[in-house]
*Asks:* 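Below you will find the structure I want to go over with you.
Per chain, numbering begins at 1; letters A, B, ... match sequence-line order. Everything numeric in this text was worked out from a predicted model, so none of it was measured.
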2 protein chains.
Amino acid sequence: MKPDALRGHLDALLLATLDGRQLHGYAIIEALQQGSGGALDLPTGTVYPALRRLERAGHVVSDWSTVGGRKRRTYRLTQAGQRALNAERSAWREFTTVIDGVLGGGKWAQQ
Amino acid sequence: MKPDALRGHLDALLLATLDGRQLHGYAIIEALQQGSGGALDLPTGTVYPALRRLERAGHVVSDWSTVGGRKRRTYRLTQAGQRALNAERSAWREFTTVIDGVLGGGKWAQQ
DNA sequence: CTTAATAAGTAGCCGCGCTACGCATACCGT
DNA sequence: ACGGTATGCGTAGCGCGGCTACTTATTAAG
């Protein structure tokens with residue numbers, strides 16, 4: 001998968017990963033890995049700044065905890081984040097509908 | 001539609017628009033507009049440089065013509081461009097499958 | 001005692017879609 | 001005659017965000 005295909009869709013992935021559960025950053029990366037069948041292996045330099053952006057935007061909140069001597073910052077959705085997730089999901093549906101239409105419609109659609 | 005959602009998918013759109021027909025830049029923009037039901041209104045500053053990139057990459061070739069006193073640069077796919085389009089289409093399918101899985105799989109998939 | 005796994009983070013690069021222009025011709029309304 | 005709109009091509013430069021590469025720290029395995 002080409003690197004910048006994710007552009008503009010990363011927030012949706014992160015919010016969806018946190019939907020209904022709270023996870024720390026490293027666990028989010030693993031969840032994304034497993035949830036995508038290994039297709040998504042996001043580097044920390046992608047995920048951590050994105051989580052900070054989401055927190056600044058008020059879509060997630062974080063709490064520190066220590067588990068087995070390691071410090072974890074655990075994130076969870078806010079109500080605004082839940083709303084943002086809903087918006088991202090419908091934006092994604094609209095986006096794929098549009099692109100699917102163009103990608104598929106070229107050959108057989110007009111006759 | 002947020003601006004950079006297209007990131008990494010513009011080439012696919014352009015190649016698909018040129019699939020089976022030859023169009024000049026302005027007509028490509030209109031075709032994209034109509035083919036998307038008005039959702040895609042790409043500025044020339046997006047499309048023209050992208051077409052030049054595709055030409056540099058050998059995916060399209062262009063010929064100049066004059067129609068009604070206006071100069072047109074008409075593009076068409078090369079064989080490499082056709083192959084690139086096929087690759088873009090399957091990459092798109094894979095991409096949407098992955099994102100759909102993550103976006104949909106959060107809540108109800110695992111129980 | 002070195003390597004790998006777990007865990008968080010930052011600095012800076014780079015590509016590309018977009019904004020904002022410039023240039024030119026044709027057509028339509030008034 | 002002239003302004004506005006549509007047609008048509010193009011470039012310069014911004015801005016953003018995902019990525020590379022790096023640092024720091026603790027634990028577990030070998």
Side-chain angles (χ1 to χ4, degrees), chain A residues 1-15 17 22-34 36 39-57 59-60 62-75 88 95 98-99 102, chain B residues 1-15 17 22-34 36 39-57 59-60 62-75 88 95 98-99 102:
Chain A
M1 168 137 45
K2 72 179 69 161
D4 53 14
L6 283 187
R7 277 289 187 122
H9 309 291
L10 179 59
D11 288 5
L13 293 178
L14 295 175
L15 294 174
T17 305
Q22 44 185 353
L23 294 172
H24 54 102
Y26 197 84
I28 291 175
I29 294 175
E30 289 184 319
L32 244 9
Q33 226 162 205
Q34 268 139 26
S36 67
L40 290 174
D41 190 11
L42 303 184
T44 66
T46 293
V47 173
Y48 289 126
L51 288 169
R52 310 300 295 269
R53 282 198 301 270
L54 288 174
E55 189 164 30
R56 275 204 309 276
H59 294 160
V60 301
S62 63
D63 309 285
W64 282 100
S65 60
T66 302
V67 176
R70 275 135 184 166
K71 303 222 169 196
R72 290 177 174 177
R73 177 180 280 209
T74 300
Y75 292 89
E88 292 278 6
F95 176 68
V98 169
I99 307 298
V102 175
Chain B
M1 169 138 42
K2 72 177 74 160
D4 53 14
L6 283 186
R7 278 292 185 121
H9 308 291
L10 178 60
D11 288 6
L13 293 178
L14 295 176
L15 294 174
T17 305
Q22 42 185 354
L23 295 172
H24 56 101
Y26 197 83
I28 291 175
I29 293 176
E30 289 184 320
L32 244 10
Q33 227 162 205
Q34 267 139 25
S36 67
L40 291 174
D41 190 12
L42 303 184
T44 68
T46 292
V47 172
Y48 289 127
L51 288 169
R52 311 300 297 268
R53 282 199 301 271
L54 288 174
E55 189 164 30
R56 275 205 310 277
H59 293 161
V60 300
S62 63
D63 309 287
W64 282 100
S65 61
T66 302
V67 177
R70 276 135 183 166
K71 303 222 170 198
R72 290 178 173 174
R73 177 179 280 209
T74 301
Y75 292 90
E88 292 279 7
F95 176 67
V98 168
I99 306 298
V102 173

*Asks:* Considering the options A:Leu10, A:Thr17, A:Leu13, A:Ile29, which one meets the side-chain contact (heavy atoms from CB on, under 4.5 Å) requirement together with A:Leu40?
*Replies:*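 Going through A:Leu10, A:Thr17, A:Leu13, A:Ile29 one by one, the side-chain contact (heavy atoms from CB on, under 4.5 Å) with A:Leu40 is satisfied by A:Leu13 alone.
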*Asks:* If you only use heavy atoms from C-beta on, which nucleotide in C:dT19, D:dG17, D:dT7 is closest to the side chain of B:Tyr26?
*Replies:*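 Among the listed nucleotides, the one closest to the side chain of B:Tyr26 is D:dT7.
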*Asks:* A:Tyr75 has an atom OH; how far is it from atom P of C:dA8, in whole Å?
*Replies:*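 Going from A:Tyr75 (OH) to C:dA8 (P), I get 8 Å.
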*Asks:* OP1 or OP2 of D:dC9 less than 4.0 angstrom from a side-chain nitrogen or oxygen of B:Arg52, does that happen here?
*Replies:*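 For B:Arg52, the contact criterion (side-chain N or O under 4.0 Å from OP1 or OP2 of D:dC9) is not met.
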*Asks:* Measure the shortest side-chain to side-chain distance between A:His59 and A:Glu88 over non-hydrogen atoms and say whether it is less than 4.5 angstrom.
*Replies:*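 Side-chain contact under 4.5 Å: no.
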*Asks:* Please tell me which of the listed nucleotides, D:dG18, D:dC19, C:dG9, lies nearest to the side chain of A:Tyr48?
*Replies:*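 Looking only at side-chain atoms, A:Tyr48 lies closest to C:dG9.
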*Asks:* Return the minimal non-hydrogen interatomic distance between A:His9 and A:Ala5, and the atom names on each side.
*Replies:*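 Nearest pair, atom of A:His9 first, then A:Ala5: CD2-O, 3.5 Å.
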*Asks:* Mind checking A:Gly68 for me? I need base, sugar-phosphate or nothing, with any heavy atom below 4.0 Å counting as a touch.
*Replies:*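 Sugar-phosphate: the residue A:Gly68, judged by heavy atoms under 4.0 Å, touches backbone atoms but no base.
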*Asks:* Just compare D:dC9, C:dT19, C:dG9 and give me whichever is closest to any side-chain atom of A:Trp64.
*Replies:*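 Looking only at heavy atoms from C-beta outward on A:Trp64, the closest nucleotide is C:dG9.
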*Asks:* Taking C-beta and beyond as the side chain, do B:Leu51 and B:Ile28 meet within less than 4.5 Å on heavy atoms?
*Replies:*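 Side chain of B:Leu51 against side chain of B:Ile28, heavy atoms only: contact under 4.5 Å found.
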*Asks:* Would you say B:Arg70 reaches C:dT25's phosphate, i.e. side-chain N/O to OP1/OP2 under 4.0 Å?
*Replies:*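 Answer no for this pair, as no side-chain N or O of B:Arg70 is under 4.0 Å from OP1 or OP2.
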*Asks:* For a quick test of reading the model: is some side-chain N or O of A:Arg73 closer than 4.0 Å to OP1 or OP2 of C:dG9?
*Replies:*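 For C:dG9, OP1/OP2 do have a side-chain N/O of A:Arg73 under 4.0 Å.
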*Asks:* Would you indicate what A:Gly69 reaches in the nucleic acid, counting non-hydrogen atoms under 4.0 angstrom: base, sugar-phosphate, or nothing?
*Replies:*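 Counting heavy atoms under 4.0 Å across all strands, the contact made by A:Gly69 is with sugar-phosphate only.
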*Asks:* Rounded to the nearest angstrom, tell me the gap between atom CG in B:Leu42 and atom P in D:dC9.
*Replies:*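 Answer to the nearest Å: 15 Å.
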*Asks:* Is any side-chain N or O of A:Thr46 closer than 4.0 Å to OP1 or OP2 of D:dC19?
*Replies:*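 Looking at the OP1 and OP2 atoms of D:dC19, one of them is under 4.0 Å from a side-chain N or O of A:Thr46.
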*Asks:* Quick one: B:Leu13 CG to C:dC16 C1', roughly how many Å, whole number?
*Replies:*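 The distance from CG of B:Leu13 to C1' of C:dC16 comes to 14 Å, rounded to the nearest Å.
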*Asks:* Which nucleotide, D:dG8, C:dG9, D:dG18, lies nearest any side-chain atom of A:Arg7?
*Replies:*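 Closest nucleotide to the A:Arg7 side chain: D:dG18.
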*Asks:* Name the closest nucleotide to the B:Leu10 side chain, picking from D:dC9, C:dG17, D:dG18.
*Replies:*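 Nearest to the side chain of B:Leu10 among the choices is C:dG17.
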